[in-house]
Amino acid sequence: MKLSCSSQQLYAGLQMVGSISATASTNPILQAVKIETVKEGLLLSVTDLEVGIQYLIPEVEVVSPGKAVIPEERIAGVLKDWGEEKVQIEVEGTTSRISGKGCSIKLIGFDPEEFPVIPSFEEKDYFEIEGPGLAEMVRRTSFACASERLRHTMTGVLLAIEGSTAKMVATDGRRLAVAKQRISNPHKVKSNSIIPPKAAHQLPRLVAEEKEGVKVKLEEAHMLVKTSKALLCSQLLEGQYPDYTSAIPAENDKRLEIAPEVLAAAIRRVAFITTEERHVIRIGLKKDTLLVRTETPEVGEGSIELPVDYKGSELEIGFNPDFLLDGLKGIGKEPVKMEFKDPNSAAVLKGGQDYLYVAMPIRLTEA
Amino acid sequence: MRKIIHVDMDAFFASVEELDDPGLRGKAVIVSGSPEGRGVVSSASYEARRYGVHSAMPITRARKLCPQAVFVEARIERYAEVAQELLGIFKKYTPLVEPASLDEAYLDVTDTEAIFGGAENIGREIKRRIREEIGLTASIGIGPNKFLAKLASDLRKPDGFVVIKDEEKEEVLRDLPVSKILGVGRATENRLHELGIHTIGDLRALPLEALVEEFGRWGEGLYYLSRGVDESPVVTDWEPKSTGRSVTFERDIKDYGVIRRQLYQLTEEVTSTLRDMGLRAKTITIKIRYSNFKTITRSTTLDTPTDLTETIWRYVDALLRERVDLEDKAVRLVGVTLSNLTVAETLEQLHLFQDQEVKAQRLQEATDQIKEKLGEGSIKKGFLL
């Protein structure tokens, strides 16, 4: 194999695939990138067996076709400050020579035949979604995933497909985020799949800039996501996702609307008066006022009054401030509709038609 | 006037060993430091002390002085467990308990003595309960402050019971050697001897200024202590940082099932302690000591603190299954420790999928009630049978 291409494009491509290379793995081939000449250019592949990513570098001058497997970190390091210069790659056996004007580097790699196979995307039974929309859904939900490995399915993001709607759900049992997005679903895909955290983490980068539709295919045990340049293949998490719909309260009668950035600023400020052990703020509601306050023994107390249009009965409810801030961030710029019931029941935050966030309170018992 | 009780267990480690192994009773028992230790005596029974053996003495020397003694290895975990039981007794009489070490504690009963018929009654009651409920003897000292209480407990060891009244303090102290003052070590003692001062009475003859000049701030302490004045409070605001239990197998174990069952029992015990203390734990650690004494710990930290046995057991079980290498290895000791403890009631993060948590909570309460009524072993998990 012999080719030359833009070093910057190749480096950018390695950045796209490299972050999943399994640095902790004992199998060195999982820390390597496979490069392969294809009709459209040069295809980069990296996999840790759980998630695999392929990325296409177009505009490659292929002198002779072929493939090679090269340690990913090393080639990325070599190309990092290469400059404008083009780079030549010449492969003989398992050794790759990377050269430019005056520079020559030899890297010993692996036999491409030993590189794990990343399944290809068969053009059937998929749905299509806009790239930025998909990235946004992940961004608005994945932070709410559980970090404990024992609640296996809750470490992932649920992707529910039905009709022309894709729904993404994440919860750690204390808060829940649901984001919706329209899809084009000519094959009438219907599925409930749980995307593992690693794949959820990779997705936004790969799809956010995509101008064309992103094709997503959900198989029994795998998810495949295809853009014009990239392919992501991920295992799915097995198991039963908790019945999240029953956790979304429908009858919260204490309702108000507020600008999310205004509320977030108040919560953030008051949260400075909490401690790690007593990480709690109180939201108080009374006529036309929302009160954010906290009191922390031996630290101090603070309260901020925000004017709102509220006519319901009075309420005081405690929350982990981070949970509210996360939800407000998920909502973004739209006004947030907040719905409460009582101090021991879930609160709902809604941003437009596409986003819903449920936060469980902290029960306040006076010590 | 304050009423302070000092409880000092007699030859504590050695007595616990005799308690657990009746064959040792009446013999000269010498507890050596842990195998990692430097080979010094950490506790000697009174029989051994007759031969001049005392703590901190090199084992080799102890062996020469008392060749017929039975030498046993210290089991700190076991002593800590007994110390917990002792604490339980003390706390029946006052919340103001300051454990000074595993084998001694100060109790401030100033505000509670009236309820129990006076400090002396409390002292006798504690002494009796330690004997009857635990099977050990303690020396009790009662005084108007911590210094005099400790001095009193030391005056007629073992099995002593001494009260120093405020009006007697100067007389009691007068002829005692200066080394009886808490904090007077070899260096201070030598310097005082050089100054011709041997008894606490001698010390009282020195003016405050002279003592301060000689010993700095400590001189002030000497001045007041020699007069039986000690304002130091009984410090109770210790927050338990962790609670843990471990067990050493009688012989090294290779059987996964046995190890797992033992860990379950420990989990039950520590979570029960946790609930008694009204605390919840966020961090769960298991400890495995292999037959070659190599010891590993594996931890996990939860999103939300819990005190439920079943919840904590799920994590303990997973740590054992996923993060402990037991292949071809025999295990000598297993332990479970809960840390990152928080007070249970004040702040409680509620859960979305409450059903599961509530069920687990109810199950726990029911199990605890059955155990309370019918005893610890009355209800067991299937795999323990």
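Per chain, numbering begins at 1; letters A, B, ... match sequence-line order.
- Taking a 6.0 Å sphere around NE2 of A/H279, one finds it holds more than 12 heavy atoms contributed by other residues, nucleotides or ligands.
- If you measure heavy-atom distances from A/F323 to chain B, the contacts under 4.5 Å come from the side chain alone.
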Dump the intermediate steps for side chain to side chain contact (heavy atoms under 4.5 Å, CB included) on A/D243 and B/F353, then the final yes or no.
CA-CA 8 Å; A/D243 175 21; B/F353 311 106; 5.9 Å; no

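- For A/K329, the NZ atom sits in a loose shell: 12 or fewer heavy atoms of surrounding residues, nucleotides or ligands are nearer than 6.0 Å.
- Remark: B/K329 NZ is packed, more than 12 non-hydrogen atoms of other residues, nucleotides or ligands lying under 6.0 Å away.
- For the atom pair CE (A/M360) and CD (B/Q349), the distance works out to 7.5 Å, reported to the nearest 0.5 Å.
- Using a 4.5 Å cut-off between heavy atoms, A/S246 does not touch chain B at all.
- Within 6.0 Å of atom OH in B/Y256, more than 12 heavy atoms from other residues, nucleotides or ligands are found, so the atom counts as buried in its surroundings.
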Derivation of the side chain to side chain contact (heavy atoms under 4.5 Å, CB included) call for A/R174 and B/L352:
CA-CA 6 Å; A/R174 301 168 297 175; B/L352 279 163; 5.9 Å; no

